2 protein chains.
Amino acid sequence: MTVRKTDTKLPKKRLRPENREQQILDEAVSFFAEKGISGKTRELADRLGITQPLLYRYFPTKRDLIEGVFEKVYLNKLNPEWLKTITDRDRTLQDRLCEFYRSYSAATYRYDWIRVYMFSALMGEEMNRRYTKLIEKEILTPICVELREHCGLPSKKRVSQAELDHIWVLHGGLFYFAIRKHIYHGRVSKNFSVVVERAVNAMLEGTKSISADP
Amino acid sequence: MTVRKTDTKLPKKRLRPENREQQILDEAVSFFAEKGISGKTRELADRLGITQPLLYRYFPTKRDLIEGVFEKVYLNKLNPEWLKTITDRDRTLQDRLCEFYRSYSAATYRYDWIRVYMFSALMGEEMNRRYTKLIEKEILTPICVELREHCGLPSKKRVSQAELDHIWVLHGGLFYFAIRKHIYHGRVSKNFSVVVERAVNAMLEGTKSISADP
DNA sequence: ACACTAGTTTATCAGATGATAAATAAAACT
DNA sequence: AGTTTTATTTATCATCTGATAAACTAGTGT
């Protein structure tokens, strides 16, 4: 069977190194997000419309490419605005947390991000643990402090593991929405904001309520 | 360098097919949970102290072995007692949910289970989607019904996606505890029961509270 | 127009890996 | 004990896959 060359194939344009590297990295993120880290370099090259050895001009080993993908996904994902939002006591905590999760989810609850994140976590990548610790320190601990204030509790002692775990249930519960969507491919509400509002509202009211009596 | 045969090597006992198959399957679960689905058959055989071709006597292909692992992990994981616990209106909902999560977490929040579950999900395995739907139907929907009762709301209409998503935040939030522990290898509280109690209590109180005013 | 530079392809390797066939030996049977 | 059966190993294959080297050619400068 003869192959008809009727497809609109662009006359193989050459790219400048920096552009080609970016192009490869972009496609690699979406490729490995879909296929997992054991995705084959030849298949990635096919998607890019280039030959497999060309990858090795820009990334000496597959591991280097994967690391590029990880970096691209993990890097600069902590927006300094978030801490400001969370600690802005001129607004209600409900309001602040909803805005934070609106912004945070827009940044991270994406197909590529969620999946690469989970693949790297399963691989035991150091980068993942570092990120989780950073979230605890820069986001969850401040939320715990604000939560104390919201519940009318004193805030002298260090935020405990129990307090962190309590807020992790909300944080992880909302993250799990993205897992259900992008990893389980299950049915989820279209409007995530509504889910956030309800969950945050219930958590705040509930936590205040149970902090009162014992 | 000569190898000293000083190791206490048992004189290669033969197993009956059913025993050997079970032994392989048991080790395969823990092996693939750790290494992921791209774990090599030779390495698995090494762990078992057998040769790699022997695996193929019991499982014609690697895929068959993996499917055995999936089945072993997914099968019979839905305890009929759970539904009874959840719907037993002689007890407080707080009490019922805490007991359910105690039992549910003991059954599923295990290193092997959580990881194989996540690997299979990332592979887009049908088994995973089926399981998730089953959880929604047999566990989460009943909880939503009980939650309506708990909040003094009427329960005529069908449980909505919004209601499911709300309870998914709790369910996923608690599941996320296991993800943090077994996938992220992060620091978590020793006593999961305490986390459950607090989260369930806050959710129930909070949801009742926000169901009252609007 | 010619030569040079460097981005890209072609050809190929070496090791890994899933899988198979034949040889071996432990257990079971007579 | 001798024979048969079959669990297990040894040897090996075909293919895949990450990686390398050399050939090729589009673009650039003179």
Side-chain angles (χ1 to χ4, degrees), chain A residues 3 5 7-29 31-70 116 119-120 123 125, chain B residues 3 5 7-29 31-70 116 119-120 123 125:
Chain A
V3 180
K5 293 193 177 177
D7 47 0
T8 41
K9 197 178 279 181
L10 297 171
K12 307 232 171 185
K13 204 184 164 189
R14 293 190 173 185
L15 270 61
R16 312 223 2 220
E18 56 270 28
N19 294 339
R20 180 66 82 188
E21 184 170 334
Q22 268 312 308
Q23 184 211 28
I24 290 175
L25 214 43
D26 287 344
E27 191 66 40
V29 168
F31 176 75
F32 289 116
E34 186 187 327
K35 301 281 180 174
I37 309 305
S38 49
K40 318 305 178 194
T41 54
R42 279 170 179 78
E43 201 182 334
L44 170 59
D46 278 350
R47 283 208 194 180
L48 283 156
I50 62 175
T51 56
Q52 182 246 6
L54 188 55
L55 295 174
Y56 287 82
R57 182 171 182 90
Y58 297 94
F59 300 91
T61 70
K62 184 181 176 181
R63 176 71 203 175
D64 288 321
L65 180 54
I66 298 287
E67 243 145 51
V69 169
F70 286 166
V116 169
F119 278 122
S120 71
M123 288 173 70
E125 285 294 318
Chain B
V3 180
K5 292 193 177 178
D7 47 0
T8 40
K9 199 179 273 180
L10 298 170
K12 307 232 169 184
K13 204 184 165 189
R14 291 194 173 183
L15 271 62
R16 315 231 350 226
E18 55 271 26
N19 294 340
R20 182 64 85 188
E21 184 170 336
Q22 268 312 308
Q23 186 211 28
I24 290 174
L25 213 43
D26 286 344
E27 191 65 39
V29 168
F31 176 75
F32 288 118
E34 186 187 327
K35 301 282 180 174
I37 308 305
S38 48
K40 319 302 179 196
T41 54
R42 277 170 180 77
E43 202 181 333
L44 170 59
D46 277 351
R47 283 208 194 181
L48 284 156
I50 62 175
T51 56
Q52 181 246 8
L54 188 56
L55 295 174
Y56 287 83
R57 183 172 181 89
Y58 298 93
F59 301 90
T61 69
K62 183 180 176 182
R63 176 71 204 175
D64 288 320
L65 180 55
I66 298 287
E67 244 146 49
V69 168
F70 286 166
V116 170
F119 277 123
S120 71
M123 287 172 71
E125 285 294 316

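When reading the values below, keep in mind they use all heavy atoms of this one structure, side chains included, and skip hydrogens, waters and symmetry mates. What you are looking at is a predicted structure, and each value in this text was computed from that prediction instead of being measured.
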Within the structure provided, determine whether B:Ile66 and B:Thr61 are in side-chain contact (heavy-atom separation under 4.5 Å).
no
Does the pair B:Val69 and B:Phe59 meet the rule for a side-chain contact (heavy atoms from CB on, under 4.5 Å), with working shown?
CA-CA 11 Å; B:Val69 168; B:Phe59 301 90; over 6 Å; no
Tell me the interatomic distance from A:Leu54, atom CG, to C:dA6, atom C1', rounded to whole angstroms.
12 Å
Tell me the interatomic distance from B:Ile50, atom CD1, to D:dT6, atom C1', rounded to whole angstroms.
16 Å
B:Leu48 vs B:Phe31 side-chain heavy atoms within contact, under 4.5 Å:
no
Nearest whole angstrom, please: distance from the C1' of C:dT8 to the CZ of A:Arg20.
8 Å
When B:Ile24 is tested against each of B:Leu65, B:Leu15, B:Asn19 for side-chain contact (heavy atoms from CB on, under 4.5 Å), which residue passes?
B:Leu65
Measure NZ/A:Lys35 against P/D:dG18 and give the value in whole Å, please.
13 Å
According to a strict under-4.0 Å criterion, is A:Tyr58 in side-chain N/O contact with OP1 or OP2 of C:dG7?
no
D:dA7 base / B:Arg16 side chain donor-acceptor hit below 3.5 Å
no
In whole angstroms, how far is the C1' atom of C:dA28 from the CG atom of B:Leu15?
16 Å
If the threshold is 4.0 Å, N to carboxylate O, is there a salt bridge linking A:Glu125 and A:Arg63?
yes
Rounded to the nearest Å, what distance is computed from the CG atom of residue A:Asp46 to the P atom of nucleotide D:dG18?
13 Å
Protein N or O to nucleotides 17-20 of chain C N or O, pairs below 3.5 Å:
residue, atom, partner, partner atom, Å
C:dT17, OP1, B:Lys40, NZ, 3.1
C:dG18, OP1, B:Lys62, NZ, 3.0
C:dG18, OP2, B:Thr41, N, 3.1
C:dG18, OP2, B:Thr41, OG1, 2.8
C:dG18, N7, B:Arg42, NH1, 3.0
C:dG18, O6, B:Arg42, NH2, 3.0
C:dA19, OP2, B:Tyr56, OH, 3.0
C:dA19, OP2, B:Lys62, N, 2.7
C:dA19, N7, B:Gln52, NE2, 3.0
C:dA19, N6, B:Arg42, NH2, 3.4
C:dA19, N6, B:Gln52, OE1, 3.0

Give the rounded distance in Å between these two atoms: CG of A:Leu44 and P of D:dC16.
18 Å
Between B:Lys40 (side chain) and B:Ser38 (backbone), is there a donor-acceptor pair under 3.5 Å?
yes
Nearest whole angstrom, please: distance from the P of D:dA7 to the CG of B:Leu55.
15 Å
Heavy atoms from C-beta onward define the side chain here; which of D:dT6, C:dT9, C:dT8 lies closest to that of B:Arg57?
D:dT6
Side chain proximity check, B:Thr41 to B:Tyr56, heavy atoms < 4.5 angstrom
yes
Short side-chain N/O contact to D:dT6 OP1/OP2 from B:Arg14, under 4.0 Å:
no
